[in-house]
There are 2 protein chains.
Amino acid sequence: MEKYVPLLKNTKLFAGAGEEDIASMLSCLGARLREFGKGEYVLRQGERLGDILVLAEGSLLIQKDDYWGNRSILGNIGPGEIFGEAYVAPESGTLLNDVIAVEDSAVFFFDAKRVITTCPSACRFHTLVVQNLFYAISEKNRSLVRKLDSISRRTTREKLISYLSEEAKKQNSADITIPYNRQQLADYLAVDRSAMSGELCRMRDEGLLKFEKNRFRLL
Amino acid sequence: MEKYVPLLKNTKLFAGAGEEDIASMLSCLGARLREFGKGEYVLRQGERLGDILVLAEGSLLIQKDDYWGNRSILGNIGPGEIFGEAYVAPESGTLLNDVIAVEDSAVFFFDAKRVITTCPSACRFHTLVVQNLFYAISEKNRSLVRKLDSISRRTTREKLISYLSEEAKKQNSADITIPYNRQQLADYLAVDRSAMSGELCRMRDEGLLKFEKNRFRLL
DNA sequence: ACAAATCCGTTGTATTTACAACGAAACGGT
DNA sequence: ACCGTTTCGTTGTAAATACAACGGATTTGT
């Protein structure tokens with residue numbers, strides 16, 4: 001676990017804490033490290049969760065399949081990102097989505113109770129971590145609102161433009177790499193893959209953008 | 001302000017605190033009460049926010065208009081609900097939505113810094129409030145995910161069923177009153193009003209539900 | 001009580017999307 | 001290197017939706 005301390009230092013959860021502090025907090029917060037192979041489920045819809053998770057290595061997809069096999073993708077998780085934190089409140093019910101490893105991944109599990117309940121004395125940084133957690137979930141909240149904004153657009157083209165613009169802003173470049181293939185992007189934007197594929201090509205032919213696989217350039 | 005203390009006691013923000021504690025916290029948290037007439041803006045997209053708000057009385061709509069006048073509705077706010085809390089983090093940027101009073105309303109403004117930064121001694125309940133805030137934003141997070149789930153449906157009918165079912169679960173009854181008129185519901189579900197209106201009538205004719213204005217009964 | 005404004009259902013048409021199916025290209029495992 | 005699988009663009013057709021316009025009913029403001 002210790003080898004990931006430098007990574008943890010750069011996460012939103014431990015922002016402002018030093019490496020020694022983090023190392024000592026690991027046991028205090030009941031940290032465990034679990035590894036998942038490509039395609040494995042990290043979390044399953046309907047489960048209860050008592051942990052706050054941080055992705056140490058790899059890449060995860062948050063998705064959901066309904067009874068008829070329709071898949072919808074909520075988002076992806078990259079190294080250093082926190083997840084699961086929205087389900088540790090007392091009356092939060094069960095998980096609404098699956099979380100799946102899209103490549104071999106390693107995940108930190110922190111005992112939620114120990115994270116949220118400030119411990120008597122030992123950890124000076126506990127208050128900091130709780131505040132960090134609040135800021136992190138705030139940010140996730142805002143990004144959900146932005147996603148709702150994209151997906152509320154009426155046409156496939158508008159959804160694509162909205163999503164790609166947001167991504168360009170986030171990556172601070174007109175050259176972006178997205179974490180989805182075509183089918184996943186369609187599931188993310190809630191449109192048909194083939195229709196979306198056609199729209200992308202039309203936009204390319206009109207000179208709005210270029211792309212090759214999952215790399216896009218906005219013009 | 002004091003007359004709202006019993007109401008505040010039943011909000012998610014002050015859950016677990018007694019009335020005297022709340023009364024004393026009001027000044028500690030920099031509380032102000034502002035009133036808004038029907039149709040007035042409580043918050044505007046693009047503004048910065050340094051407060052956490054609680055609706056004391058009335059009803060608010062969270063919405064957004066784009067350049068072409070397309071409106072999309074994110075949700076509504078009822079008495080006792082917290083809002084604005086996702087925008088008080090240091091790097092949260094400006095507001096993504098407008099908040100508008102749909103009827104005469106009264107709103108508490110709490111200074112975010114004072115809510116989040118635990119004060120030296122005085123307020124015993126400060127830690128509690130921060131934790132409550134985390135739980136509240138968690139819940140909002142999950143409800144955004146549910147909304148995304150509704151809105152990701154492909155057809156208008158599926159969106160309606162998804163939304164009405166969620167609402168029935170929330171109101172714990174097959175008889176529900178929704179906080180939107182037809183146009184607002186359409187803007188909420190990101191569909192055309194007239195198409196939605198037709199779909200609703202078709203569903204009624206098929207015996208799936210009954211409705212009269214904004215009251216619905218699921219069958 | 002009256003005029004104006006809003007709300008809601010309805011209709012017809014144009015546009016957009018979903019769905020199914022196919023083949024070429026790229027990828028992955030043995 | 002080979003074969004099976006996945007990915008992606010393309011096409012045609014059916015279905016669903018958006019858009020515009022209208023009228024009756026209800027509500028609102030004065």
Side-chain angles (χ1 to χ4, degrees), chain A residues 37-39 61 66 68-73 100-104 150-163 177-206 208-216, chain B residues 37-40 59 61 66 68-73 100-104 150-163 177-206 208-216:
Chain A
K38 177 176 177 176
L61 211 53
D66 69 15
W68 299 273
N70 303 314
R71 174 165 296 171
S72 83
I73 289 181
I100 296 178
V102 292
E103 53 186 82
D104 292 352
S150 295
I151 224 175
S152 295
R153 306 283 163 168
R154 296 301 201 276
T155 64
T156 301
R157 174 176 293 220
E158 283 179 319
K159 290 183 183 185
L160 283 166
I161 290 176
S162 174
Y163 169 71
T177 302
I178 68 173
Y180 307 122
N181 63 30
R182 293 289 183 280
Q183 181 62 60
Q184 291 168 335
L185 180 58
D187 290 338
Y188 179 90
L189 296 177
V191 295
D192 179 71
R193 181 195 61 79
S194 67
M196 186 193 75
S197 183
E199 190 64 41
L200 272 175
C201 293
R202 220 167 299 133
M203 288 165 76
R204 179 195 54 199
D205 298 343
E206 293 177 21
L208 288 175
L209 48 77
K210 292 182 183 178
F211 57 86
E212 192 202 330
K213 308 190 57 171
N214 64 339
R215 291 192 58 81
F216 292 77
Chain B
K38 178 176 176 176
E40 270 191 271
S59 173
L61 211 54
D66 70 13
W68 298 275
N70 303 314
R71 173 166 297 171
S72 83
I73 289 182
I100 296 178
V102 292
E103 52 186 83
D104 291 354
S150 295
I151 224 175
S152 295
R153 308 283 162 168
R154 296 302 201 278
T155 65
T156 301
R157 175 176 292 218
E158 284 178 318
K159 290 183 183 186
L160 283 167
I161 290 175
S162 174
Y163 169 69
T177 302
I178 67 172
Y180 307 121
N181 63 30
R182 293 290 182 279
Q183 181 63 61
Q184 290 169 337
L185 180 58
D187 290 339
Y188 179 90
L189 296 176
V191 294
D192 179 71
R193 179 195 62 79
S194 67
M196 186 193 76
S197 184
E199 191 63 42
L200 271 175
C201 293
R202 219 167 299 134
M203 289 166 75
R204 179 195 54 200
D205 298 343
E206 293 177 21
L208 289 174
L209 48 77
K210 293 182 182 179
F211 57 85
E212 192 202 331
K213 305 190 59 169
N214 63 340
R215 291 192 59 82
F216 292 76

message = Reading DNA chain C from 5' onward, which residue's closest nucleotide shows up sooner: A/N70 or A/K213?
response =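 Final value for this comparison: A/N70.
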
message = On DNA chain C, compare the nucleotides closest to B/R204 and B/Q184; which residue's is nearer the 5' end?
response =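 The residue closer to the strand's 5' end, by nearest nucleotide, is B/Q184.
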
Answer with base, sugar-phosphate or nothing: what part of the nucleic acid does [X] contact at a heavy-atom distance below 4.0 Å?
{"X": "A/D192", "value": "base"}
{"X": "A/S197", "value": "base"}
{"X": "A/Y180", "value": "nothing"}

query = Hey, does the side chain of A/T156 come within less than 4.0 Å of C/dT17's phosphate (OP1/OP2), counting only N and O?
reply =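 Indeed, a polar side-chain atom of A/T156 lies that close.
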
message = Counting only side-chain nitrogens and oxygens, does A/R154 get under 4.0 Å of the OP1 or OP2 atom of D/dT17?
response =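 For D/dT17, neither OP1 nor OP2 has a side-chain N or O of A/R154 closer than 4.0 Å.
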
Could you check how far [atom1] of [X] sits from [atom2] of [N], rounded to whole Å?
{"X": "B/L189", "N": "D/dT17", "atom1": "CG", "atom2": "P", "answer": "12 Å"}
{"X": "B/R202", "N": "D/dA16", "atom1": "CZ", "atom2": "C1'", "answer": "9 Å"}
{"X": "A/Q183", "N": "D/dC8", "atom1": "CD", "atom2": "P", "answer": "9 Å"}
{"X": "B/K38", "N": "C/dA5", "atom1": "NZ", "atom2": "C1'", "answer": "11 Å"}
{"X": "A/E199", "N": "C/dA18", "atom1": "CD", "atom2": "C1'", "answer": "14 Å"}
{"X": "B/R182", "N": "D/dT26", "atom1": "CZ", "atom2": "C1'", "answer": "13 Å"}
{"X": "B/I178", "N": "C/dC7", "atom1": "CD1", "atom2": "P", "answer": "13 Å"}
{"X": "A/E158", "N": "D/dC19", "atom1": "CD", "atom2": "C1'", "answer": "14 Å"}

query = When you match A/N181 and B/M196 each to their closest nucleotide on DNA chain D, which lands nearer the 5' end?
reply =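 Residue closer to the 5' terminus by nearest nucleotide: A/N181.
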
key: Given C/dT16, D/dA18, D/dG9, the nucleotide with the shortest approach to the side chain of A/F211   =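 Selected nucleotide: D/dG9.
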
ask   = Which one, D/dT10, D/dA18, C/dT17, comes nearest to the side chain of B/V191?
value =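 Between D/dT10, D/dA18, C/dT17, the one nearest the side chain of B/V191 would be D/dA18.
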
request  = Please state whether the base of D/dG9 and the side chain of A/R193 form at least one donor-acceptor pair under 3.5 Å?
outcome  =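 Yes.
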
query = Any N or O donor-acceptor pair linking the side chain of A/S194 to the base of D/dC8 at under 3.5 Å?
reply =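 It does not, because no donor-acceptor pair links the side chain of A/S194 to the base of D/dC8 below 3.5 Å.
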
Approximate separation, where rounding is to 0.5 Å, of [X] [atom1] and [Y] [atom2]:
{"X": "B/L189", "Y": "A/S152", "atom1": "CG", "atom2": "OG", "answer": "9.5 Å"}
{"X": "B/W68", "Y": "A/E158", "atom1": "CH2", "atom2": "CD", "answer": "7.0 Å"}
{"X": "B/L200", "Y": "B/L185", "atom1": "CG", "atom2": "CG", "answer": "7.0 Å"}
{"X": "B/K210", "Y": "B/M203", "atom1": "NZ", "atom2": "CE", "answer": "15.0 Å"}

Salt-bridge present (B/E206, B/R157; N to O < 4.0 Å) =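 Counted as a salt bridge, because a side-chain N and a carboxylate O are separated by less than 4.0 Å.
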
